[in-house]
Amino acid sequence: MGGSVMRARTFVEAALKQAVHDLGWTWPEKATIEAPKRPEHGDMATNVAMVLPKEAGSNPRARAQALQERLLASCADDLAAVDVAGPGFLNLTLSPAFWQGTVARVLQDANFGASSLGQGKKAQVEYVSANPTGPLHIGHGRGAAVGDALARILRFAGYAVHTEYYLNDAGRQMRLLGLSVWVRYQQLCGRQVPFPEDGYQGDYIGDIAARIRQERGDALLAWSEEDAREFCYQEGMNEILAGIRHDLEVFRAEHQVWFSEKSLVDSGVVEATLADLQAKGLAYEKDGALWFASSRFGDDKDRVLRKSDGSLTYFASDIAYHAHKIGRGFDLMIDVWGADHHGYIPRMKAAVAALGRDPECLQVILVQLVNLLRDGQQIAMSTRAGTFETLADVCAEVGVDAARFLFLSRKSDAHLDFDLEVVKRQSMDNPVFYVQYAHARIRSLQRKAREAGVALPEVADPALLALLTTAEDKALLKALDAFGDAVELAARTLSPHHISYYLMDLAGQLHRYYTEHPVLSVEDAGLRDARLLLLEAVRRVLARGLDLLGVDAPLRM
RNA sequence: GCGCAAUUAGCUCAGUUGGAUAGAGCGUUAGCCUCCGGAGCUAAAGGUCGCAGGUUCGAUUCCUGCAUUGCGCACCA
């Protein structure tokens, strides 16, 4: 077997399947292969002997013993031990050489840990998509971190990923934005105009109005009400949007496409989609409104598409948008939403079904609200500006790395306390420093080595790697080997936090190793070189893992 | 009232195709610097995985009921 080019799980799976096949049995779907928690259970364990059909042999333990003999005969070089345990578990211990080969695999493969899970399928991640009516706040930041990390992880897992921001530039909120700016402008010009009750009250509205007045003077007062409002809306949205784009760029959240809702309406895609639904008999007129028969696809009730006053609901353009996505050939559509929109999922899935697709093509990631604190005291999240509530302000205070890592250290659908003082702290309260420190420590060691004239060996010679024999060596090697498993888990479950947990574990292994084993001060030059190679492999995996989260891997701290 | 989610150590949380004695950090306690960065490491204490049933060789994981908490239930966005 070619154990030297495979990850442990891949190797074990192939060897086991071959052994099962050789014995004339078929691999059961329920069989699992996993790294056991307890070291005495070997490096990899399988329940295959227990879940094989009864007719395959007398009892689980006997089947396990047959497999044991088979494996020892065929893979003696890579297997140090095969044990039958408990009710029929098969515990495999891989040879030291196999684990040591992990260093070479990492150093030779620039994409170590990458997966072919996605098989090149087209996936789209739509995230943030906040209405451009004000600056992004901390909650949007969490959505941005999750969406962006998801895109990075899915790319690494073999998907062709596109990222997109859906711009709600049509509808009531936008009219209200225009009106809010217009009223502020008039007030600046000395007109006594009452501010609309549901208008946007943030200071940024006044700033926009002031800028318009600075550029145009009182000229707008002579315009028609409609023209002035339209102008104020355009100016307001453009300025706010520019701010959003800037904040996202600083936050390292990339959107390849900014998709305009207005363009959907103007180009007739919305009307065409509604007509299509009607033609299929899935939309109908009632009480002067147009309804979508979403209850036929599992939703609680039917939903309005066009109100009796003739205006479209947001749901109508949302359906059209997803029809457009489907038309662009995405196999997987991922929408990142605020968790308070969870009630919206059944109707959106119903829409996808009505458009003729498996509703599973749409995966909605819910992102819970962020509780912003300072020293345990909650910071009010009002619409007023001034406190540290915008994403930009928070990033300026705690840094992008710390903010992103914290957002990605928890399941997205769980409440999160974001304490500004804790996130600034450089301790395990704030794991980003723990992981980054591990990377910086290795860099520091490599600097020291260079200064001492010690070069990293160009090839990871198995004879050198054979010197990596301690318990800490093996723990580190196994952790490196497991990177691909973490990537696949994160991609499969659309959960970036698995990468964070993996990195905290790997960093912990590194710190332990560092404390336990000297590298440069060791007598034996061969052992020194072997350890340098191992640490470079760890550094590369740390850097790649951090990159999947959009977090910097620093040279020094 | 209906629906969705959550409930794991004192605190904050991991634990996804059901696996062997349930994990991490913080906090607490006791240790580790003549040595490459102590922003680190080691160890201890700490649990009826909300409660009660069920499914099976085996359940924190799957099913049912109940309790508590949060969110959602518009011709709102």
Side-chain angles (χ1 to χ4, degrees), chain A residues 29-32 34 36-38 40-41 45-47 50-51 59-60 85-89 91 131 133 168 170-174 176 198 286-291 299-318 338-346 366 368-369 409-411 413-417 419 422 425-431 433-434 436-438 440-449 451-452 454 472 489 492-495 497-498 500-502 504-505 507-508 510-522 528 531-532 535 556-557:
Chain A
E29 282 304 311
K30 288 200 300 181
T32 59
E34 58 173 26
K37 296 165 195 150
R38 304 182 61 78
E40 59 266 36
H41 293 148
T46 179
N47 65 351
M50 290 188 286
V51 295
N59 64 64
F89 285 104
N91 296 331
N131 286 347
T133 55
N168 289 117
R172 202 183 94 87
Q173 297 287 333
M174 289 298 104
L176 208 50
D198 45 359
K286 192 183 103 183
D287 302 334
L290 182 68
W291 297 72
D299 195 10
D300 293 337
K301 50 178 287 195
D302 292 350
R303 308 290 174 177
V304 171
L305 297 167
R306 190 192 296 112
K307 296 178 248 180
S308 53
D309 69 0
S311 63
L312 295 170
T313 62
Y314 264 56
F315 185 44
S317 48
D318 284 344
D340 53 342
H341 290 79
H342 69 79
Y344 209 78
I345 295 175
L366 295 177
Q368 260 299 354
L369 299 178
S409 297
R410 202 133 306 177
K411 270 186 306 202
D413 185 21
H415 287 279
L416 177 67
D417 285 342
D419 192 315
V422 172
R425 209 173 293 156
Q426 302 181 351
S427 71
M428 259 317 272
D429 287 328
N430 182 12
F433 286 96
Y434 188 75
Q436 289 185 314
Y437 180 47
R441 254 187 157 171
I442 297 173
R443 275 302 196 203
S444 167
L445 202 60
Q446 292 174 339
R447 272 195 303 276
K448 278 240 159 47
E451 288 162 11
V454 175
E472 290 77 18
L489 180 62
R492 196 158 40 78
T493 62
L494 305 177
S495 306
H497 74 276
H498 289 300
S500 308
Y501 275 84
Y502 170 80
M504 285 187 264
D505 178 68
L510 183 277
H511 289 308
R512 189 168 308 121
Y513 193 92
Y514 187 93
T515 305
E516 201 69 29
H517 300 294
V519 177
L520 298 179
S521 53
V522 77
R528 177 199 65 200
R531 287 179 175 173
L532 280 173
L535 294 197
R556 47 165 58 89
M557 296 174 69

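Hydrogens, waters and symmetry mates play no part in the numbers below; they use all other heavy atoms, side chains included. Residue numbers start from 1 in every chain, and the chains themselves are labelled A, B, ... in the order their sequence lines are given, proteins ahead of strands. Computed from a predicted model, the values in this text were never measured in an experiment.
A:Gln368 is linked by a side-chain hydrogen bond (donor to acceptor under 3.5 Å, both in side chains) to nothing, counting only residues two or more places apart in sequence or in another chain. Residues passing the ring pair (Phe, Tyr, Trp, His ring centres under 6.0 Å) test with A:His517 are A:Tyr513, sequence neighbours excluded. Residues passing the salt bridge (charged side-chain N to carboxylate O under 4.0 Å, His left out) test with A:Asp198, sequence neighbours excluded: A:Arg172. A:Arg425 pairs by the salt bridge (charged side-chain N to carboxylate O under 4.0 Å, His left out) definition with A:Asp429, not counting sequence neighbours. Take A:Tyr434 and apply the ring pair (Phe, Tyr, Trp, His ring centres under 6.0 Å) test, not counting sequence neighbours, and it matches A:His511. In this view, A:Asp302 and A:Tyr284, A:Ser295 satisfy the side-chain hydrogen bond (donor to acceptor under 3.5 Å, both in side chains) rule, not counting sequence neighbours. Every residue two or more places apart in sequence or in another chain that forms a salt bridge (charged side-chain N to carboxylate O under 4.0 Å, His left out) with A:Arg306 is listed here: A:Glu271. Every residue two or more places apart in sequence or in another chain that forms a side-chain hydrogen bond (donor to acceptor under 3.5 Å, both in side chains) with A:Glu40 is listed here: A:Arg38. Under the rule for a salt bridge (charged side-chain N to carboxylate O under 4.0 Å, His left out), A:Asp419 has no partner lying at least two apart in sequence or in another chain.
Side chain of A:Tyr314, nearest nucleotide from B:A77, B:G15, B:C75: B:A77. When each of B:G19, B:C41, B:C13 is scored by its nearest atom to the side-chain atoms of A:His511, the top-ranked nucleotide is B:C41. Each of B:A20, B:U16, B:C35 was ranked by its minimum atom distance to the side chain of A:Ser495; first place goes to B:U16. Side-chain proximity of A:Thr515 to B:C75, B:C41, B:G19: nearest is B:C41. For A:Arg172, taking side-chain heavy atoms from C-beta onward, the closest of the listed nucleotides B:G38, B:C36, B:C76 is B:C76.
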Interface polar pairs with nucleotides 2-8 of chain B, N/O, under 3.5 angstrom:
residue, atom, partner, partner atom, Å
B:G3, N2, A:His342, NE2, 3.4

Protein-nucleic acid N or O pairs under 3.5 Å, nucleotides 22-29 of chain B:
residue, atom, partner, partner atom, Å
B:G25, O2', A:Met428, O, 3.2

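Between the CD atom of A:Glu516 and the P atom of B:G40 there is a distance of 17 Å, given to the nearest Å. Atom pair A:Arg303:CZ and B:C75:P shows a separation of 8 Å (rounding to whole Å applied). Computed from coordinates, the A:Phe315 CZ to B:A77 C1' distance equals 14 Å when rounded to whole Å.
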Nucleotide pairing, RNA chain B (Watson-Crick or G-U, distances under 3.5 Å), in dot-bracket with [ ] and |: (((((((..((((.....[...)))).(((((.......))))).....(((((..]....))))))))))))....
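Checking the phosphate oxygens (OP1, OP2) of B:A77, no side-chain nitrogen or oxygen of A:His341 falls inside 4.0 Å.
With the nearest nucleotide of RNA chain B identified for both A:Ala170 and A:Ala85, A:Ala85 has the one nearer the 5' end.
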